[in-house]
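Inspection log for the structure reproduced underneath, given as structure tokens.
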2 protein chains.
Amino acid sequence: MTEKTTLTDAVHQLLRRAIIEQALKPGMRLPEDTVGEQFGVSRTIVRHALVRLENEGLVVTRRNRGAFVAEPSLEEAKHVFEARRALEVEVIRLLVERMPSSGYDQLEAHVRSEQSVKGKDGPVSIRLAGEFHILMAELTGNAVLARYVSEVVLRCSLIMAMYAKSHSSECAVDEHSQIIVAIRDGDVRRATSLMDHHLGAVAGRAELEPKQDSVSSILSRYGKELAS
Amino acid sequence: MTEKTTLTDAVHQLLRRAIIEQALKPGMRLPEDTVGEQFGVSRTIVRHALVRLENEGLVVTRRNRGAFVAEPSLEEAKHVFEARRALEVEVIRLLVERMPSSGYDQLEAHVRSEQSVKGKDGPVSIRLAGEFHILMAELTGNAVLARYVSEVVLRCSLIMAMYAKSHSSECAVDEHSQIIVAIRDGDVRRATSLMDHHLGAVAGRAELEPKQDSVSSILSRYGKELAS
DNA sequence: GATAGGTCAATTGGATACAATTTACTTGCC
DNA sequence: GGCAAGTAAATTGTATCCAATTGACCTATC
């Protein structure tokens with residue numbers, strides 16, 4: 001059964017993945033013509049994809065200037081993490097209440113695949129870590145929640161790519177396992193606490209120090225001096 | 001200072017408002033050129049607006065068939081309410097923690113404007129009730145959270161328009177006041193409990209009985225008999 | 001009379017063409 | 001040499017055009 005998908009969808013997903021895996025770095029320009037030629041499609045398609053990506057917070061567009069890969073500020077990053085925590089705590093609650101029968105198998109299988117790339121800090125590791133959370137959200141059966149979780153997780157991936165010095169995936173994978181156990185035990189309190197700690201750790205690691213000097217972060221440091 | 005806004009934005013907002021206020025009823029078709037002629041713009045613009053509305057869950061598009069005003073199922077409605085509760089509980093928590101100085105004034109002013117249309121069940125009343133929640137979310141200073149709350153509130157408005165027999169705005173306005181008081185008291189527990197009850201009541205009212213027989217609700221009732 | 005097949009109208013999917021706006025560079029003046 | 005204005009290039013904003021797909025209606029056959 002070949003799912004019929006539109007070109008817009010394809011370009012959308014490709015760009016998204018490229019951004020998450022840092023092939024397209026934050027702040028980089030995304031001219032419609034260039035991207036279109038690259039994929040062999042017209043500006044129209046690229047445009048639609050860029051609109052979607054903007055809605056997802058992965059790119060920003062400036063009027064008559066074009067689209068750029070988003071450079072989330074530390075404040076914005078904090079906001080994303082706040083929203084994410086709220087959403088994922090709800091996911092935990094729902095999973096304790098109604099985890100589907102094959103849910104644990106899927107989660108454990110995913111953790112195993114995460115462990116298989118253990119040690120390698122990189123795009124793949126970041127992507128897999130995010131997909132674990134997305135999988136959890138999907139297992140709630142709540143498509144709305146799943147979509148929002150998916151969005152914030154992707155934005156967090158971008159944030160981590162910008163700010164985190166190392167993803168420290170070993171720690172994360174272990175925490176993922178612990179969360180599964182807590183859910184299986186029906187212990188909402190412990191599971192949410194673990195998730196809270198998990199996300200807090202991720203957020204904390206990110207806020208320590210900017211990984212690379214982005215244009216905007218530089219300007220924000222020097223801005224005050226120029227505002228005479 | 002005249003904010004320069006794009007045509008897409010304008011059409012987007014107009015359509016959104018028309019849907020929320022039930023000028024465009026659930027299930028209604030939205031042909032691109034018809035809408036375009038109506039607003040005096042080209043299909044391109046309408047198309048972009050429809051893409052956004054689809055992302056917001058207010059319209060659904062079927063491949064090569066066109067866009068329709070969404071007809072959320074009861075299950076989908078439940079999902080939206082679940083997500084909404086999670087988000088709004090977080091809003092409460094954040095407001096107790098860091099309500100901006102002018103926040104209470106703005107909230108109370110809004111409640112007064114809600115009271116001014118008291119008794120009139122209708123589009124305006126529904127819209128105002130929703131905007132109260134959106135205002136609260138904006139007061140957290142978290143734009144991400146505010147955007148998500150905004151989306152689920154709008155979808156809930158659509159859901160209420162479809163399913164609720166009466167909006168019972170008096171009750172809601174009173175509950176809004178109580179929530180403000182609880183937040184001012186710094187009582188997270190009571191405030192979240194009130195919000196939970198408030199949303200639960202709204203959801204419960206919606207789930208009682210479909211207001212009008214939508215095409216899909218009819219089909220869902222007869223679907224089992226045809227699946228011989 | 002019902003059903004299968006075919007043709008046709010309607011509508012979207014996508015590409016191209018034109019207009020408007022912004023940026024960057026050049027040139028002239030102080 | 002620096003600054004300002006004007007001009008040109010590049011890129012987006014918008015409109016129009018062609019192709020592909022879908023649904024409906026009509027017809028012929030069993």
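Every chain is numbered from 1 and lettered A, B, ... according to where its sequence line falls, protein lines coming before strand lines.
Contact record, A:Arg84 with A:Leu199: NE-CD2, 3.4 Å, taken as the closest heavy-atom pair.
Here D:dT14 presents its P atom at 19 Å from CD of B:Glu37, a figure rounded to the nearest Å. Rounded to whole angstrom, the span from the CZ atom of A:Arg62 across to the P atom of C:dT21 amounts to 18 Å. Distance CG (B:Leu7) to P (C:dA19): 17 Å, rounded to an integer number of Å. Nucleotide D:dT22 holds its C1' atom 11 Å from the CZ atom of B:Phe68, rounded to whole Å. Rounded to an integer number of Å, the gap from B:Arg63 CZ to C:dT12 P is 13 Å.
No side-chain heavy atom of B:Phe39 sits less than 4.5 Å from a side-chain heavy atom of B:Val46.
Listed by first then second residue, pairs satisfying salt bridge (charged side-chain N to carboxylate O under 4.0 Å, His left out) with a partner in residues 148-160 of chain B read A:Arg147-B:Glu151, B:Glu76-B:Arg155, B:Arg147-B:Glu151, not counting sequence neighbours. Under the salt bridge (charged side-chain N to carboxylate O under 4.0 Å, His left out) criterion, no residue pair touches residues 136-145 of chain A, with sequence neighbours excluded.
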Name the pairs: protein N/O against N/O of nucleotides 7-11 of chain C, kept only if under 3.5 Å.
none

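Helix bend of the helix from C:dG1-D:dC30 to C:dC30-D:dG1: the angle between its two end axes, each built from five pairs, comes to 10° after rounding to 10°.
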Please tabulate, for side-chain N and O atoms in residues 99-107 of chain A, each donor-acceptor pair with protein atoms closer than 3.5 Å (sequence neighbours left out).
| from | atom 1 | to | atom 2 | distance (Å) |
| --- | --- | --- | --- | --- |
| A:Ser102 | OG | A:Gln106 | NE2 | 2.9 |

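With sequence neighbours left out, A:Asn55 forms a side chain to side chain contact (heavy atoms under 4.5 Å, CB included) with A:Val51, B:Arg52, B:Asn55. By the salt bridge (Lys or Arg N to Asp or Glu O under 4.0 Å) test, A:Arg98 pairs with B:Glu82, sequence neighbours left out. B:Glu21 is linked by a salt bridge (Lys or Arg N to Asp or Glu O under 4.0 Å) to B:Arg17, B:Arg127, counting only residues two or more places apart in sequence or in another chain. For A:Ser73, there are no side chain to side chain donor-acceptor pair (under 3.5 Å) partners, not counting sequence neighbours. A search for ring-ring contact (aromatic ring centres under 6.0 Å, His included) contacts involving B:His12 returns nothing, not counting sequence neighbours. Partners of A:Ala86 by side chain to side chain contact (heavy atoms under 4.5 Å, CB included), not counting sequence neighbours, listed by chain and number: B:Glu90.
Residues from residues 40-54 of chain A lying near DNA chain D, meaning a heavy-atom separation below 4.0 Å, are A:Arg43, A:Arg47 in numerical order.
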